[in-house]
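Quick caveat: nothing in here was measured; it's all calculated off a predicted structure.
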Amino acid sequence: LSELGSESAKIKAMGIMDKLSTDKTVKVLNILEKNIQDGSKLSTLLNHNNDTEDEERLWRDLIMKKTADACLTAINIMTSPNMPKAVYIEDVIERVIQYTKFHLQNTLYPQYDPVYRVDPHGGGVLSSKAKRAKCSTHKQRVIVMLYNKVCDIVSSLSELLEIQLLTDTTILQVSSMGITPFFVENVSELQLCAIKLVTAVS
């Protein structure tokens with residue numbers, strides 16, 4: 001899937017995606033949707049059992065990376081020039097948006113802005129300033145990878161909005177996705193992508 005993601009980006013840049021068979025492209029998109037589904041609600045919380053923690057983290061990281069690559073491949077196909085209407089599959093678009101929103105709220109915002117973290121021990125709520133003061137700048141490699149891929153997905157969704165008319169429900173989802181990053185700290189790259197997204201919606 002990682003290879004498919006990078007190759008689809010090259011084919012999109014070359015402007016030759018529309019030369020592929022529509023039936024095969026639609027079939028690929030439907031397979032990608034199943035892969036996106038695997039990680040669209042994957043919890044990032046680990047069971048803190050020393051025997052299984054490393055294994056669980058490896059499994060979780062693999063699923064998150066795989067799913068992000070599937071999202072990027074699907075969006076690269078749909079935002080390529082001169083694509084037939086058949087490739088704009090509503091279920092695939094909704095699945096990409098669902099995945100992106102879920103991981104922004106549950107994985108990335110808590111990692112980049114401690115105000116969005118839930119205290120696992122149920123202790124008192126720290127003030128915003130206190131939480132931000134305790135924030136660590138160190139990020140796991142998989143989190144940085146996911147952040148970069150999600151930025152690419154958000155940016156590509158703005159391209160999709162210029163090409164394809166989406167349902168009102170989907171537009172509402174996309175709008176909230178585009179506005180929320182401006183209330184989160186330490187996500188300047190994502191905010192730039194969100195500006196493009198909000199502009200495309202309006």
Side-chain angles (χ1 to χ4, degrees), residues 1-42 44 60-108 142-178 180-181 189-190 193-194 196-198 200-201:
L1 274 165
S2 178
E3 208 169 309
L4 202 56
S6 56
E7 289 302 319
S8 65
K10 287 180 200 169
I11 295 169
K12 175 185 169 179
M14 290 162 71
I16 56 170
M17 191 78 76
D18 59 319
K19 303 288 188 286
L20 300 172
S21 151
T22 303
D23 288 347
K24 284 183 181 172
T25 307
V26 168
K27 198 174 281 187
V28 167
L29 285 166
N30 286 321
I31 293 167
L32 289 170
E33 191 211 339
K34 298 288 181 278
N35 282 278
I36 297 166
Q37 194 173 354
D38 288 347
S40 58
K41 290 257 172 122
L42 179 71
T44 54
R60 183 201 64 180
D61 292 355
L62 179 69
I63 297 286
M64 277 168 57
K65 186 177 187 313
K66 180 187 87 152
T67 314
D69 286 328
C71 284
L72 271 175
T73 304
I75 211 91
N76 282 338
I77 291 169
M78 289 188 270
T79 54
S80 293
N82 310 313
M83 292 304 284
K85 286 282 181 192
V87 304
Y88 304 113
I89 303 166
E90 203 171 300
D91 287 350
V92 178
I93 295 168
E94 283 179 10
R95 195 72 73 187
V96 169
I97 292 167
Q98 182 186 35
Y99 171 84
T100 309
K101 276 193 80 172
F102 180 84
H103 282 296
L104 281 171
Q105 290 163 357
N106 296 283
T107 308
L108 297 175
V142 71
I143 296 296
V144 176
M145 174 280 300
L146 186 65
Y147 177 75
N148 291 329
K149 286 184 188 289
V150 165
C151 285
D152 289 343
I153 292 166
V154 171
S155 187
S156 296
L157 280 170
S158 62
E159 289 178 50
L160 184 63
L161 283 166
E162 304 282 359
I163 299 166
Q164 178 65 7
L165 196 64
L166 304 179
T167 64
D168 290 350
T169 313
T170 307
I171 291 292
L172 280 171
Q173 297 251 48
V174 168
S175 300
S176 71
M177 190 198 297
T180 312
E189 301 88 352
L190 180 62
C193 298
K196 283 176 67 181
L197 191 60
V198 171
V201 169

Could you tell me which non-hydrogen atom of [X] sits nearest to which non-hydrogen atom of [Y], and how far apart they are?
X     : Y      : answer
Ala68 : Ile153 : O-CD1, 4.2 Å
Pro84 : Thr22  : CG-OG1, 3.5 Å
Ile75 : Thr79  : O-OG1, 2.6 Å
Asn76 : Ala9   : ND2-N, 3.5 Å
Ala70 : Ile36  : CB-CG1, 3.7 Å

Open item on the list: Nearest 0.5 angstrom please: Leu72 CG to Ser156 OG, how far?
Closed with: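 So the CG of Leu72 and the OG of Ser156 are separated by 6.5 Å.
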- [ ] Among Gln98, Lys101, Glu94, find the one that has a side chain to side chain donor-acceptor pair (under 3.5 Å) with Gln173.
- [x] Lys101
Task: CA sep, side-chain torsions, deciding dist, call: Leu32, Leu1, side chain to side chain contact (heavy atoms under 4.5 Å, CB included) - done: CA-CA 9 Å; Leu32 289 170; Leu1 274 165; 3.6 Å; yes
- [ ] Please lay out, stage by stage, how Ile89 and Glu33 fare under the test side chain to side chain contact (heavy atoms under 4.5 Å, CB included).
- [x] CA-CA 10 Å; Ile89 303 166; Glu33 191 211 339; 5.8 Å; no
Using a 4.5 Å cut-off on heavy atoms from C-beta on, say whether the side chain of [Y] contacts that of [X].
X      : Y      : result
Asp69  : Leu4   : no
Val28  : Leu20  : no
Leu172 : Asp168 : no
Lys149 : Cys71  : no
Val92  : Met78  : yes

Whether the side chain of [X] engages the backbone of [Y] through a donor-acceptor N/O pair (distance < 3.5 Å, no angle test) should be reported.
X      : Y      : value
Thr107 : Leu104 : no
Ser155 : Cys151 : no
Thr180 : Met177 : no

- [ ] Please identify each residue that fulfils ring pair (Phe, Tyr, Trp, His ring centres under 6.0 Å) with Tyr147, with sequence neighbours left out.
- [x]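 Tyr112.
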Task: Steps toward side chain to side chain contact (heavy atoms under 4.5 Å, CB included) verdict (Met17, Val87) - done: CA-CA 11 Å; Met17 191 78 76; Val87 304; over 6 Å; no
TODO: Walk me through it: do Leu160 and Leu157 pass the test side chain to side chain contact (heavy atoms under 4.5 Å, CB included)?
DONE: CA-CA 5 Å; Leu160 184 63; Leu157 280 170; 4.3 Å; yes
